[in-house]
Protein chains: 2
Amino acid sequence: MVTSEQVARLAGVSRATVSRALNGSPRVSAEARKRIEEAIVSLGYEPDVVAQSLVRQRSRTIALCLFFGNDDSTVLSRFGETQHYFYLDMLRDVEREIADAHYDLLLHSSSIAQNNYIRGLQMRHVAGILAIALNPTDARIQALVEAQIPTVFIDSISQGQNSTYVSSDNLDGSRQATEHLIQLGHRRIMTLLPGTNGPVGSKRRAGYCQALEQAGLPIDERLIYPAGWNTEEAYRATMALLRERQPRDFTAIVAGSDLMAIGILRAIHECGLHIPGDISVVGFDDVDLCRYTEPPLTTIRQDRSAMAQGAVQQLIQMIEADDQLEERQLSPIITPTQLVVRASTGPAVPLA
Amino acid sequence: MVTSEQVARLAGVSRATVSRALNGSPRVSAEARKRIEEAIVSLGYEPDVVAQSLVRQRSRTIALCLFFGNDDSTVLSRFGETQHYFYLDMLRDVEREIADAHYDLLLHSSSIAQNNYIRGLQMRHVAGILAIALNPTDARIQALVEAQIPTVFIDSISQGQNSTYVSSDNLDGSRQATEHLIQLGHRRIMTLLPGTNGPVGSKRRAGYCQALEQAGLPIDERLIYPAGWNTEEAYRATMALLRERQPRDFTAIVAGSDLMAIGILRAIHECGLHIPGDISVVGFDDVDLCRYTEPPLTTIRQDRSAMAQGAVQQLIQMIEADDQLEERQLSPIITPTQLVVRASTGPAVPLA
DNA sequence: CTGAAAGCGCTTACAG
DNA sequence: CTGAAAGCGCTTACAG
């Protein structure tokens, strides 16, 4: 294991000078710099990041914190569940951004209480935190905000002195989806959404309502049907819906997400109905799978790479802005959404 | 930030004793231990893992290395691609196992050359490596093996002094899938598999052939059709197949994976054929989505949690077996596979 | 059983 | 521009 000591010896300088050269200090002569660089190459030296972290009291590591449930102790624990499928794609972009900035990504799993959770992060000297916390009442959110470690939340609207958030324009996306159906002649449009108080669901509900209002359509509580974010719950809810409502009182469904839409499609098929012949379905997210559903799914695209890029760049900016400007204004980043029309939506057919 | 110095002062002992108590050394008196524990609780002390890593020359971090392509510089870069969907589920189990053992998971992205790749891992003092390398010729595999850091590969059959692997019984799984179709009366059974030299594909091809042989059926090269692991390529291959083969010369398809099967189903639908009425399809992996395809997919289940558990436990055992026994025999772990019958397979119908 | 001391590999005021 | 020295927070022989 090559150390800076060996580099210094070979270059005929002190470790201090090697360190300065490495960290781009201007106070190093050209000759010294050259000799050091040669020594580094010939020895294959690379600085020990652990030692650097210790002395700098800060690592180049960004921790990923996912709180999908209240009890998930590991970062990925809930990632197999269909409702979180969307975030995976975004994580790819997140990792690329982080790598490009020469930071590492840590999945820090702590099965302990909240204060220990934060402490674990501090003891690892993480530089910053990227958090996706779907339940706004999760106590860890507030703990994170108070910990004063630079933090960017995705899809949670928490803000603080050292934290901000990025989110899609969920309201406008849902509005577009509903408007698309209205333009196709639909008047009785269901929406399946969780009954929780999360910001994502709330905004999507609001967008749905806004589109109806703009079109002068009434907002019927019977058209807003509760279902969890996952495929199975959406499937069950739709089955229940199709059985309860005889005769059927709707011609289209705005799904809370694409993965919910997949369950909805399946239920409609099983009841012997056609899509979009009998019922039109719109998803939300535009995950890759949308192209392979039967029929291919009309949906709302979230700009995942813009979300990831915005989140990471904002985070790194916060990390590297060592000057703690009191007046710093951290404005949230809201990325646009866009309707993608495929084959699961069509003209409304009159109800029986 | 509470340090061991403060704990020592409060407990009236030296830092050395605090360290011993913390690390479970027997050479600490009961009274000292008690006072130290009280001090730790009252101060909320937690050791600095960075300092520990430096002095121990080893962190409690396990790096995740995914080499899905030859050029992926980030760990997750290829995870959005359908062909790697399966590994995500396994990663969940992997993370849980790692967390339970009180290790951290690092996604180490290095966009640099191979020797720097290894060096980056060494400089971070990672304790061990979990690697999924789908291309057996990837130079990083050999570099990893030679680096002598404890490593467990998943689905690559690399072994070395400090490395071993875990894999499903791919051959037997594919054999079961094919046998299932034979029992349903199918005689002309296609298989769609990548033409690469990866161990997973090779084993699955061998299992397919073995089932045919055991049934006394000929192995027709025209029945082994090349297609990449992803949904899109499987879709395109099937479309081409259905156009080329007029009249059609097969009644069933063994897909290389579930995500390939999804593309195959879509192509069959688009050609106006029925599943399993016209063509039966079997997948491989048993991802959650199988239940939601149209029709629900018959497939081969891989025991992901057994794979994850085997991999992590083996890895940690290697890490903590500080005694480098020369005669240590690291035997690979092969987990069983199992047929899951759903609705995409049915009796063979005679070909025109 | 316990403490003083050295050391892990680096960085950074402090002098010069 | 450069080096000697101190220090980041811990662990571990070495004495006692």
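Worth saying up front: this structure is predicted, and the values here are computed from it rather than measured. So you know, we letter chains A, B, ... as the sequences are listed, proteins then strands, and number each from 1.
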**Student:** How about B/L43: does its CG atom have over 12 heavy atoms from other parts shown lying under 6.0 Å from it?
**Tutor:**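 Result for CG/B/L43: enclosed.
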**Student:** May I ask you to evaluate whether A/Q57 reaches the phosphate of D/dG9, defined as a side-chain N or O under 4.0 Å from OP1 or OP2?
**Tutor:**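 Yes.
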**Student:** Between atom CE in A/M123 and atom C1' in D/dC10, what is the gap in whole Å?
**Tutor:**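 Taking CE of A/M123 and C1' of D/dC10, I get 12 Å after rounding.
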**Student:** Compare every heavy atom of A/D93 with every heavy atom of A/A308, then report the nearest pair and how far apart it is.
**Tutor:**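 Scanning both residues, the minimum pair turns out to be CB-CB, 3.3 Å.
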**Student:** What is the minimum heavy-atom distance between A/E97 and A/Q313, and which atoms define it?
**Tutor:**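 Shortest heavy-atom separation between A/E97 and A/Q313 comes out as OE1-NE2, 3.8 Å.
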**Student:** Without decimals, in angstroms, what is the distance between A/D48 CG and C/dG7 P?
**Tutor:**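 Rounded to the whole Å, the gap is 18 Å.
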**Student:** Taking CD1 from B/I40 and P from D/dG9, how many angstroms apart are they, rounded to a whole number?
**Tutor:**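 Rounding to the nearest Å, CD1 of B/I40 and P of D/dG9 are 17 Å apart.
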**Student:** Please give, in whole Å, the distance from C/dC8 C1' to B/L54 CG?
**Tutor:**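 Taking atom C1' of C/dC8 as the reference, CG of B/L54 is at 4 Å.
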**Student:** Assess the pair A/Y117 and A/F67: is the distance between their ring centroids shorter than 6.0 Å?
**Tutor:**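 Yes.
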**Student:** Rounded to the Å, how far apart are A/R124 CZ and D/dG9 P?
**Tutor:**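 A/R124 atom CZ is separated from D/dG9 atom P by 17 Å.
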**Student:** Please round to the nearest 0.5 Å and tell me the distance separating atom CG of B/L91 and atom CD of B/E95.
**Tutor:**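 CD of B/E95 is found 8.0 Å from CG of B/L91.
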**Student:** For DNA chain C, whose closest nucleotide is more 5', that of B/V13 or that of A/E5?
**Tutor:**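 It is B/V13, whose closest nucleotide lies nearer the 5' terminus.
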**Student:** What salt bridge (Lys or Arg N to Asp or Glu O under 4.0 Å) pairs are there with at least one residue in residues 24-34 of chain B, not counting sequence neighbours?
**Tutor:**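 Qualifying pairs, neighbours excluded: B/K34-B/E38.
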**Student:** I need the A/I333 CD1 to A/Q309 CD distance, nearest 0.5 Å.
**Tutor:**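 The CD atom of A/Q309 is 9.5 Å from CD1 of A/I333, to the nearest 0.5 Å.
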**Student:** Donor-acceptor pairs under 3.5 Å, side chain of residues 9-17 of chain A to any protein atom, not counting sequence neighbours: which ones?
**Tutor:**
from, atom 1, to, atom 2, distance (Å)
A/S14, OG, A/A16, N, 3.4
A/S14, OG, A/T17, N, 3.4
A/S14, OG, A/T17, OG1, 3.3

**Student:** Minimum heavy-atom separation for B/Y45 to B/T3, with atom names?
**Tutor:**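 Taking B/Y45 first and B/T3 second, the nearest heavy atoms are CE1-C, 3.5 Å.
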**Student:** Mind listing the N/O atom pairs, protein and nucleotides 11-15 of chain D, below 3.5 Å?
**Tutor:**
from, atom 1, to, atom 2, distance (Å)
D/dT11, OP1, B/N23, ND2, 3.2
D/dT11, OP1, B/Q52, NE2, 3.0
D/dT11, OP1, B/R56, NH2, 3.1
D/dT11, OP2, B/S19, OG, 2.6
D/dT11, O5', B/S19, OG, 3.3
D/dA13, N6, B/R20, NH2, 3.1

**Student:** Which residues in residues 29-38 of chain A have at least one heavy atom lying under 4.0 Å from any atom of DNA chain D?
**Tutor:**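 Output list: A/S29, A/A32.
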**Student:** Between D/dG16 and D/dT12, how far is it from one C1' atom to the other, in whole Å?
**Tutor:**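 Nearest-Å result for D/dG16 against D/dT12 at atom C1': 16 Å.
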**Student:** Can you give me the dot-bracket string for DNA chain D, 5' to 3', counting Watson-Crick and G-U wobble pairs with both distances under 3.5 Å, using [ ] for crossing pairs and | for partners on another strand?
**Tutor:** |||.||||||||.|||
**Student:** Where is the tightest heavy-atom contact between A/A63 and A/L121, given as atom of each residue plus distance?
**Tutor:**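 Heavy-atom minimum between the residues: CB-CD1, 3.9 Å.
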**Student:** What is the separation between atom CE on A/M1 and atom C1' on C/dG9, rounded to the nearest whole Å?
**Tutor:**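 To the nearest whole Å, that distance equals 11 Å.
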**Student:** Considering only residues two or more places apart or on different chains, which pairs with a residue in residues 123-132 of chain B satisfy salt bridge (Lys or Arg N to Asp or Glu O under 4.0 Å)?
**Tutor:**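 The answer is A/D104-B/R124.
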